Chemist: 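One structure coming up, written as structure tokens, with questions to follow.
Quick caveat: nothing in here was measured; it's all calculated off a predicted structure. Whatever order the structure lists ligands and atoms in, that order sets their numbers, starting from 1.
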Amino acid sequence: MLNLLGVNKNSLTAGPGGERFEIFLKGCIRGLINPCPGCFNESSWTFAGESREISAEELHSILLNEAHHRRFTVCGGEPMLQVKALLPLLRKLSKDGFHTTMYTAYDAEKLLKGGLAFTWREGMEEAMRERLMQYAVSYQVKADGSVVFRIATPEMMEELFSLIDLLVDGDYQPTKRLTQSDTMEEGWFVGSSNQRLIDTKTTAMLGRFVYDEPERIKEAMLK
Ligand code: SF4
């Protein structure tokens with residue numbers, strides 16, 4: 001099950017090509033521990049409180065019925081925490097010809113090389129521990145009460161890369177904010193210049209990183 005904070009069915013700033021169906025996944029470890037300055041979505045940090053659980057099947061059917069443009073975006077919180085639940089949905093959407101953009105504050109090379117793991121410790125949000133038990137593929141409770149979560153393996157990341165089209169990685173950095181005169185015309189979707197646009201399918205296919213050119217994407221957006 002995916003844990004959703006909300007959706008924007010008509011987002012114009014969540015990826016290339018015009019209107020997109022964007023989902024916001026709940027929970028961001030970084031937000032709770034060491035938030036990115038200027039984070040655009042503080043309400044997404046906590047793992048506690050209201051959210052909606054939705055299955056891959058249900059969300060797939062909503063997307064088929066409502067996203068006729070076949071453009072989909074996964075935003076957070078931190079979407080990579082829910083890779084296990086995202087994969088069954090992304091397999092379906094890839095077959096259906098959806099263009100999927102995903103955001104992450106994690107470093108894409110590290111995700112591909114090592115997957116994603118996190119150690120929860122006493123004093124951290126209790127709801128985070130509960131949710132990570134659901135999100136993780138495995139976990140180990142240590143004698144001191146800490147819990148080591150394996151959230152995604154490198155193989156899962158590789159599959160994710162082969163199913164989505166574009167990954168925007170890196171945190172938002174206000175000191176590197178892209179200004180109106182850079183690229184922030186209507187419809188642009190990257191907040192700061194440190195964030196990279198990764199052509200994930202080609203990267204997975206070639207086994208080396210391939211970056212999408214902002215200029216090329218901008219041209220495609222204007223068509
Ligand atoms: S910008 Fe993203 S990764 Fe950073 S604190 Fe906000 S939700 Fe978390």
Chemist: How about Ile29 and Met124: do any of their side-chain heavy atoms sit closer than 4.5 Å?
Modeler: no
Chemist: Going by the order shown, which atoms of ligand 1 are within less than 4.0 Å of some heavy atom of Ala105?
Modeler: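 Counting from 1, the qualifying ligand atoms are 3 (S).
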Chemist: Applying a strict under-4.5 Å side-chain criterion to I, L, V, M, F, W and Y, I'd like to know whether Leu64 and Val7 cluster together.
Modeler: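 Yes, Leu64 connects to Val7 through the hydrophobic network.
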Chemist: Under a 4.5 Å side-chain heavy-atom rule over Ile, Leu, Val, Met, Phe, Trp and Tyr, are Met102 and Phe21 clustered together?
Modeler: yes
Chemist: Would you mind checking if Glu125 and Arg131 are paired as a salt bridge, meaning a charged N to carboxylate O distance below 4.0 Å?
Modeler: no
Chemist: Just to confirm my output: which protein heavy-atom neighbour is closest to atom 6 (Fe) of ligand 1, and how far is it?
Modeler: Cys39 SG, 2.3 Å
Chemist: Give me the nearest non-hydrogen protein atom to atom 8 (Fe) of ligand 1 as residue plus atom name, then the distance to 0.1 Å.
Modeler: Cys28 SG, 2.3 Å
Chemist: Verify whether one side chain among Ser43 and Asn41 offers a donor that lies under 3.5 Å from an acceptor in the other.
Modeler: yes
Chemist: Tyr103 near ligand 1, heavy-atom distance under 4.0 Å?
Modeler: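 Not so, Tyr103 does not reach ligand 1.
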Chemist: Quick test of your reading of the structure: of Gly27, Gly31, Gly77, whose heavy atom lies closest to atom 7 (S) of ligand 1?
Modeler: Gly77
Chemist: Got a sec: is Cys36 within less than 2.8 Å of atom 4 (Fe) of ligand 1 via an N/O/S atom?
Modeler: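 Yes - counting backbone and side chain alike, Cys36 has an N, O or S atom under 2.8 Å.
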